[in-house]
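Labels below follow one simple rule: chain letters A, B, ... track the order of the sequence lines, proteins then strands, and each chain is numbered from 1. Worth knowing before you read on, the calculation uses all heavy atoms, side chains too, and leaves out hydrogens, waters and symmetry mates.
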2 protein chains.
Amino acid sequence: MNTELPAALHRQLQADSELSLPDYDVLVQLTDTAEARVRVLDLARALRWERSRLSHHIKRMENRGLVRREEVPGDGRGAFVVLTPAGRRTIEQAAPAHVRAVRRLIFDAVGEEELAALGAVLDKVLARLDEGAELPGV
Amino acid sequence: MNTELPAALHRQLQADSELSLPDYDVLVQLTDTAEARVRVLDLARALRWERSRLSHHIKRMENRGLVRREEVPGDGRGAFVVLTPAGRRTIEQAAPAHVRAVRRLIFDAVGEEELAALGAVLDKVLARLDEGAELPGV
DNA sequence: CCTGCATAGTTGACGTATCACCTAATACCT
DNA sequence: AGGTATTAGGTGATACGTCAACTATGCAGG
């Protein structure tokens, strides 16, 4: 399921818009903030992505005109990622169908109490992952 | 979780062997069959992979000497994927630590009845995915 | 000031995944 | 047999992710 569910959502997005699932995740983060402007590191944390991955992805999205980078006044190292008007238009156009797809594939299928049980299980495994972050000793 | 759990298992495999998680999955399928020899299409179905993906992956594994292709006597189009001795050695050496990691991250954390609940939820969503295979209408 | 270290972010190389398309062999149908 | 459709599998282009290494700025202690 952890491959086929994202794959299905990805295909739906591609069919209805020019966005990939990761594109969508990035844009959601940006629209969720007041200024549609986020520091790269904060964005990486919110998405639980590596900085490197985000950097590559932002570059691709920048080439397509969905976002752009901007300098940070106080800190010469930092960078903002900023939603462009085109980016905003794109996600606003793509969101409804995506939300419907998520509802149809998950929430219509599962039921509330099951969902809670699922959440509990996932949290436990995530906690395991965090505590054993230095895995390779097993 | 669907990104970080595979990522953790992947890192563990890489640390303890020269295998990636997909490599491991392929090798498991091969060792699970009597002759360590499987038709490409059967392998793709068992892994729930696209033929194309499998073809690319087999080529990479072939270059590393883990598997090799073999002709099918009756059918000039087909191909077997065959486990090489090196491939067998590699997976036998890698499996114990991987099994331990899976147990530690999942089965130690979750508990039997929760696991059953999890399975039920995943099955429902998978059923949704199959029935709505022609998604993009939403 | 200046040396050293930490932080923010980028880059290049490489493995992986998908898509659209291609080739060759087989099956089917008359 | 001859023509068409189907099936098995492979390929090239491109996007995605990770790792290791890099640049440049900031910052702290002497």
**Student:** Where do Thr31(B) and Arg88(B) come nearest, in terms of heavy atoms and distance?
**Tutor:**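 Reported closest heavy-atom pair: CG2-NH1, 4.4 Å.
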**Student:** Between dA24(C), dG9(C), dG10(D), which one does the side chain of Arg77(B) approach most closely?
**Tutor:**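 Of dA24(C), dG9(C), dG10(D), dA24(C) is nearest to the side chain of Arg77(B).
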**Student:** Can a salt bridge be assigned to the pair Arg60(B) and Glu62(B) using a cut-off of 4.0 Å between side-chain N and carboxylate O?
**Tutor:**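 Salt bridge: no.
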**Student:** Hey, is Asp23(A) close enough to Arg64(A) for a salt bridge, meaning N to O under 4.0 Å?
**Tutor:**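 Yes, charged N to carboxylate O under 4.0 Å.
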**Student:** Check salt bridge (Lys or Arg N to Asp or Glu O under 4.0 Å) between Arg53(A) and all other residues, then give those that pass, not counting sequence neighbours.
**Tutor:** none
**Student:** Do any side-chain nitrogens or oxygens of Lys59(A) fall under 4.0 Å of OP1 or OP2 in dG9(C)?
**Tutor:**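 Looking at the OP1 and OP2 atoms of dG9(C), neither is under 4.0 Å from any side-chain N or O of Lys59(A).
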**Student:** I need the CG-P distance between Leu13(A) and dA15(D), as an integer number of Å.
**Tutor:**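 The answer, rounded to whole Å, is 17 Å.
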**Student:** Looking across every strand, which nucleic acid part, if any, lies under 4.0 Å from His56(B) by heavy atom: base, sugar-phosphate, or nothing?
**Tutor:**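 The answer is base, as His56(B) lies within the cut-off (heavy atoms under 4.0 Å) of a base atom.
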**Student:** Let me know the distance between CG of Leu43(A) and C1' of dG9(C), rounded to the nearest Å.
**Tutor:**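 Taking CG of Leu43(A) and C1' of dG9(C), I get 13 Å after rounding.
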**Student:** Mind calculating the distance between NE2 (His10(B)) and P (dG15(C)) to the nearest angstrom?
**Tutor:** 11 Å
**Student:** Mind listing the closest non-hydrogen atom pair of Val67(B) and Leu27(B) along with its distance?
**Tutor:** CG1-CD2, 4.1 Å
**Student:** Using whole Å, report how far CH2 of Trp49(B) lies from C1' of dA17(C).
**Tutor:** 10 Å
**Student:** Give a yes/no on whether any side-chain N or O of Arg53(A) is located under 4.0 angstrom from OP1 or OP2 of dG17(D).
**Tutor:**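 Yes, Arg53(A) has a side-chain N/O under 4.0 Å of OP1/OP2 on dG17(D).
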**Student:** Taking only the side-chain nitrogens and oxygens of Ser20(A), find out if one of them lies under 4.0 Å from OP1 or OP2 of dC16(D).
**Tutor:** yes
**Student:** Let's test your reading of the model: under 3.5 Å, does the base of dT11(D) pair with the side chain of Ser55(B) as donor and acceptor?
**Tutor:**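 Donor-acceptor pair under 3.5 Å: no.
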**Student:** Mapping Pro22(B) and Asp42(A) onto DNA chain C by nearest heavy atom, which one lands closer to the 5' end?
**Tutor:**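 Here Asp42(A) is the residue nearer the 5' end.
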**Student:** If you pin Arg60(B) and Leu54(A) to their nearest nucleotides in DNA chain C, which one's is more 5'?
**Tutor:** Leu54(A)
**Student:** Please report the distance, rounded to the nearest Å, between CD in Glu50(B) and C1' in dT14(D).
**Tutor:** 14 Å
**Student:** Rounded to whole Å, how long is the line connecting atom CG of Leu19(A) with atom C1' of dC16(D)?
**Tutor:** 15 Å
**Student:** Verify the contact: side-chain N or O of Arg69(B) to OP1 or OP2 of dG10(D), cut-off strictly under 4.0 Å; return yes or no.
**Tutor:** yes
**Student:** Could you check how far CZ of Arg51(A) sits from C1' of dG9(C), rounded to whole Å?
**Tutor:** 7 Å
**Student:** Return the value, rounded to whole Å, for the distance between atom CG of Asp75(A) and atom P of dT7(C).
**Tutor:** 13 Å
**Student:** Report yes if a side-chain nitrogen or oxygen of Arg39(A) is closer than 4.0 Å to either non-bridging phosphate oxygen (OP1 or OP2) of dG9(C); otherwise report no.
**Tutor:**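 Answer yes for this pair, as a side-chain N or O of Arg39(A) is under 4.0 Å from OP1 or OP2.
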